[in-house]
Q: 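Got a structure for you, questions after.
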Amino acid sequence: MKVSLSWLKELVPGLSLESETDIAALCEILNDRGLVVEELRRPSALEHVVVGEVKECLPIEGAKSVQLVHVDDGDGTREVVCGAFNFGPGDKVPLAKPGAKLPNGMEIAVREIKSLGVTSHGMLCAADELGLGEDHSGIVILAPESKIGSSVAQILGLDEAVVELEITPNRPDCMGMIGVAREVAAAKSASVQLPDFDISESTPAVQDLATVTIADADGCPRYVAMVVEDLTIGPSPAWLARRLRASGMRPINNIVDITNYIMLLWGQPLHAFDLDNLAGPSINVRRGLPDEKMTTLDDVERELSEQDLLICDATQPVAIAGVIGGQSSEVSPTTTRVLIESAHFDPESVMATAKRLGIRTESSARFERGVDPGNCDTAARHAAQLMAELGDGNVRAGIIDVKAKTISQPQTVGLRAERVNRLLGIDLTTSQVVGLLAPIGIGQVSKSESEIVDSNTPVALQFQIPSWRQYDLTREIDLIEEVGRCFGYNNIVRTLPASGERVGGLTPEQLTERKVRSALLASGLDEAQTTSFVSDALYDKLGWVDMPRVRLVNPIRDEECYLRTSLVPTLLDAAAYNVARNASTVCLAEIGSVVSPSPEAKANGDGLPNEKRVIGAVMCGVDAATPVHGDDQARPFDIYDIKGALEGIAKDLAITLDFATAQVPVPGIHPARTGDVVLAGIKIGWFGQLHPDQAKAFDLPISTVVAEIELDPLIRAHLSLDDSYRKISPHQATFFDVALEVDEGVEAGSLRSLLQGHAGPLCQSLELFDVFKGDPLPKGKKSLAFQFKFQAPDRTLTDEDVRPVIDNMVQVATQDFGARLRSG
Amino acid sequence: MQALVFGRKSRLGELKRTMGELTPELRPVLGRALGEANAQVNQALTVQRESIREREARELLERERLDVTLPGRGRRHGHRHLITRVTQEFCDVFIGMGYRIAEGPEVETEFYNFEALNIPSNHPSRSEMDTVYVERQGTEGEVASGSGGQVLLRTHTSPVQVHLMQNAQPPLYYLVPGRAFRKDTLDATHAAQFHQIEGLAVDRNITFGDLAGTLEAFIREYLGESFKIRLRPSFFPFTEPSAEVDVWWNDRWLEILGCGMVDPNVLEAVGYDPQVWQGFAFGVGVERIAMLRYGLDDIRLLYDNDIRFLAQF
């Protein structure tokens, strides 16, 4: 909502807007009242931009997109090159002469265009170039009576300050100047000067000229119609054009401009029909019929639906109620008689139709929020009076005012001062509350009238809600907000809640999650945040063709139409992004939510997919060592790097993760270099090297390894640990090394598990410390060397304690894996 | 050396041999003198030896000198993502004010995301223009009554509020961080996927003044003592009174969050008596705070996962 400050001052005469300080103070008031100042357009003199009259438009040889225009600027005719063609000889247009500086920073100078052999002595301006909104569709056509050579800024209202307000959906009243004026006046303890107009009517009566019927009372509770005849259509006078321009609207002709002016003033959208083109002449408000169509003012044929509320004449739809008018009854230069529509349409109905048709107009924007139903007649009368005055017409006697449904019943809402104070944290008396609400039209109902007193709130005051706020103010809390707003949010003393008995903090689960995050960082993984949306192309690239997916109904980008079921694909994308930028080492990890389809379990349920949090990681390229020290050369990553990162988490959480050859390798992963991650016998994830084909597809190095494990089982395992302190034995530990020769195919992990299972209670740890193949071992054999640490809490162990355990383990290993003891 | 000074042929040795030639009276005199001389020489020798040893040790260590300016032996070091960092910093300030943290699912039902939050069924935010819907699982397309309606990606973390309130009795002081989704196109300041932190406090006598004071305390704690805020009346379906909060930033007011007192309808929807319980809620974009606190000029940096960016935090 653009608010011209001079117009505002006309409505609030007490308002002072002389200085910058005054204007800044006004902006502060507007913000404090919840009418957010989005932009303040300061007055601009637009020097050297004057009214020019087009004399001649000539084509330029060799140029189709520009023309040479001869313009009279009052001192003579000059040639200007122009890229727009929406005007002709006789039109008055804004001419920026050399020396002019436009609001967008453009400086105008005499410009010779050598390639075309012409010279441009200035520029004709579109609206955006003058700082009037974004319209760049053509050159602004000024009112014909504009004086050649005079200042354009003055004509267009650019020489006055305009504030653009963002109006929240609950304030339709402030979609009109009077509503804004009411707020400003209340804040300044001033009063609003409502427009004063005298209307002289003449026979015949309007009832004899047209009829109005409402077939759909819910959609159209009230319809007011007036008729003005003997009109002369023409351009609006300068003051009106100037106001419309300042409000961001384009003047069209006096009648249409008056309807827009009334809308801007009162917040009530109007429509003017050419009465001669209304069959009947009658107005019937009804819903659309099957297969019904109409052509709207914007020259588009619209297919209507049975949900759309329509204004129809005796034969056909002539307007889409509250949204846009139809072409057939449009006011044209030859129109002499109009029917003014000033109606109230149901907000939801207008919203639904505007949305369905994808049309948002100044009118629909207002109706959607709920226009004041009590003001239809005033707005119509004011419009009729202006039409009579500016269009030289005669207002026909009376008005048609069909009230199909009562919506504007006197509404009272109870309010307890105690509630106000308790909720806002202020200390107002009853009379202060009354005093704050009265200036915005919310008056206390006198005691005798206020019979509706809530039984459990005997001290509630009753307030009368003005018709222009009736959609918004229906509950006590709504009035409390009004009191707070009028008191000033920033005048409320800022306090902190009493601390009471509460203690803040993270839950054990959240603390553990932070530990996991730290563990990932300690393993050298940078934390990433990848997209939740994935495409077929991404999954195909990874060979995840048959991977189950969860589809989005209306994705933001058509191709990214699934929710991620894994973090690995997007992490690979992120790695590829960095590799493409010459990163030689990329280590990324993410903790995030993934989903999976839940086909059976939740049938007839809430329809939600399964969702869980996982840790995803990718390492690719080389482990960037510090080669300057010679002993640690850069080395390509392998699966043991990513496994090490997972083990790092396990160590930080003091839990045991097991790793086993993958039972079913994940597609896209090297089938011989991938493993399952197992926690307490249950698979919680996997790790592996990217398949060489996939590495190629992603443009990633061969040495790319990935992992993904579930987060919550890790947290649960950590929290189920007995975390009390374990005594350190004062007795020396005994270390024992055993080297076993086994077939090459035997997995170290399996052998280790077996040994662990027979190591007995005295064994404190068991580590594989050497893997060896080749001479002197026979072909196909390898040696695995383990170190056992034995320790007892109460004594120093001897060989006799340990030897039988070792012998037993070796025997079992021989039985199960055909192991041969090499040393030990 | 020892022999040279103390040996038979040394000067001291010679003197010692003359001892026999002396009178018994003089022998002790010479003996004492010789003893003193011996001690002095020994002392001198010890000092000398010590100094030589010290010099040698010094020279040995000097030969082992390392260039301390060479790089340290590298360990790869990961960096916390700025989103996580800001979220944790934000939460920690509120933990200090007695809050707890709650999280919830990203895929939600219409009930939790809209209905329970007093957002009417025709509200524009529920349209497919603004909200991303997810295909229902289980029975094809059909929405059973009472099932919570369509399935969607939460447009704010507020649904967690509702879960919280359904499962616990007040007083409640919670912060709810998490990822949320809106059909915004990505530009320098907007992302379709963003992170929100929602605050919720429900108690018997919590006031609008407490809301303003809490937010001011947070801003001062997190951005600095000199920062000031202002509240502007606004409109949200789930709070009343509602406000937008601006912070004075680089000589102008910058909008940073929306907030308000929890609407009685929301309290009623979870079975709290609004005559007894009242509270406030606020929602703030983590990206917005990150941009303010760390001077970010483009939100897309947060999602490119460029390690040159990640490594800065």
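All values below come from the heavy atoms of this structure, side chains included, with hydrogens, waters and symmetry mates left out. Naming: A, B, ... by sequence-line order, numbering from 1 per chain.
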Q: Identify the two heavy atoms, one from B:P241 and one from A:L423, that lie closest to each other, and give their separation to 0.1 Å.
A: CD-CD2, 4.0 Å
Q: Go through the side-chain N and O atoms of B:D210 and A:T495 and say whether any donor and acceptor fall under 3.5 Å apart.
A: yes
Q: Just how far is it from atom CZ of A:R551 to atom CD of B:Q137, taken to the nearest 0.5 Å?
A: 12.0 Å
Q: How long is the straight-line distance from CZ of A:R171 back to CZ of B:F235, given to the nearest 0.5 Å?
A: 11.5 Å
Q: Non-hydrogen atoms of chain B under 4.5 Å away: do they reach the side chain of A:L552, the backbone, both or neither?
A: both
Q: I'd like to know if A:E527 and B:R80 make a salt bridge, using a cut-off of under 4.0 Å between side-chain N and carboxylate O.
A: no
Q: Going by atom type alone, with no hydrogens or angles, which donor-acceptor pairs under 3.5 Å involve a side-chain atom of residues 306-313 of chain B and a protein atom two or more places apart or on another chain?
A:
residue: B:D306; atom: OD1; partner: B:R308; partner atom: N; Å: 2.9
residue: B:D306; atom: OD1; partner: B:R308; partner atom: NE; Å: 3.0
residue: B:D306; atom: OD2; partner: B:R308; partner atom: NE; Å: 3.4
residue: B:D306; atom: OD2; partner: B:R308; partner atom: NH2; Å: 2.6
residue: B:Q312; atom: NE2; partner: B:R308; partner atom: O; Å: 3.1

Q: Which heavy atom in A:R422 sits nearest to a heavy atom in B:T207, and how many Å separate them?
A: O-CG2, 3.2 Å
Q: Select one option (side chain, backbone, both, neither) describing which atoms of B:P274 are under 4.5 Å from chain A's heavy atoms.
A: backbone
Q: Counting only non-hydrogen atoms closer than 4.5 Å, does B:A243 touch chain A with its backbone (N, CA, C, O), its side chain (CB onward), both, or neither?
A: both
Q: Atom CG in A:L35, atom OG in B:S234: separation rounded to 0.5 Å?
A: 10.5 Å
Q: Quick check: does any side chain N or O of A:N578 sit under 3.5 Å from a backbone N or O of B:N305, one acting as donor and the other as acceptor?
A: yes
Q: Roughly how far, to the nearest 0.5 Å, is the CD1 atom of A:I480 from the CZ atom of B:F208?
A: 12.0 Å
Q: Do any of residues 483-493 of chain A come closer than 4.5 Å to chain B, heavy atom to heavy atom, and if so which ones, in number order?
A: A:R485, A:Y489, A:N490, A:I492, A:V493
Q: Let me know if A:K355 has heavy atoms under 4.5 Å from chain B in its side chain, its backbone, both or neither.
A: side chain
Q: Where on B:D67 is there a heavy atom nearer than 4.5 Å to chain A: the side chain, the backbone, both, or neither?
A: neither
Q: With sequence neighbours excluded, tell me which residues meet ring-ring contact (aromatic ring centres under 6.0 Å, His included) with A:Y562.
A: none
Q: Does any backbone or side-chain atom of B:L302 lie under 4.5 Å from a heavy atom of chain A? Answer side chain, backbone, both or neither.
A: backbone
Q: Among residues at least two apart in sequence or on other chains, which ones pass ring-ring contact (aromatic ring centres under 6.0 Å, His included) with B:F218?
A: B:F90, B:F94, B:Y222
Q: Using non-hydrogen atoms and a 4.5 Å limit, figure out which bit of A:R475 sits close to chain B: side chain, backbone, both or neither.
A: side chain
Q: Of the backbone (N, CA, C, O) and the side chain (C-beta and beyond), which part of A:E590 lies under 4.5 Å from a heavy atom of chain B, both, or neither?
A: side chain
Q: Which atom names give the shortest non-hydrogen contact between B:K183 and A:P555, and what distance separates them?
A: NZ-O, 3.6 Å
Q: Working to the nearest 0.5 angstrom, can you tell me the gap between B:E110 CD and A:D606 CG?
A: 12.5 Å
Q: Is it true that A:Q510 and B:R100 share a donor-acceptor pair across their side chains at a distance under 3.5 Å?
A: no
Q: At a 4.5 Å cut-off on heavy atoms, which part of B:T131 comes close to chain A: side chain, backbone, both, or neither?
A: backbone
Q: With salt bridge (Lys or Arg N to Asp or Glu O under 4.0 Å) as the test, would you mind laying out the steps for A:E611 and B:R179 before giving the verdict?
A: CA-CA 13 Å; A:E611 185 174 335; B:R179 195 177 270 207; over 6 Å; no
Q: Rounded to the nearest 0.5 Å, what's the gap from CG on A:L506 to CD on B:Q88? Could you check?
A: 8.5 Å
Q: If I measure from the heavy atoms of chain A, does B:I206 come under 4.5 Å with its side chain, its backbone, both, or neither?
A: both
Q: Just give me the residue among B:E240, B:H77, B:E106, B:R230 that pairs up with chain A most often, heavy atom to heavy atom, under 4.5 Å.
A: B:E240
Q: Tell me which of these, B:N205, B:L211, B:D246, has more heavy-atom pairs under 4.5 Å with chain A than the rest.
A: B:N205
Q: Over all heavy atoms of both residues, which pair between A:V36 and B:R232 is shortest? Give the atoms and the distance, please.
A: CG2-NH1, 2.9 Å
Q: What heavy-atom pair brings A:Q529 and B:T84 nearest, and what distance separates the two atoms?
A: NE2-OG1, 4.1 Å
Q: Take A:R581 and B:D304 through the salt bridge (Lys or Arg N to Asp or Glu O under 4.0 Å) test and state the conclusion after the steps.
A: CA-CA 12 Å; A:R581 284 157 183 77; B:D304 283 344; over 6 Å; no
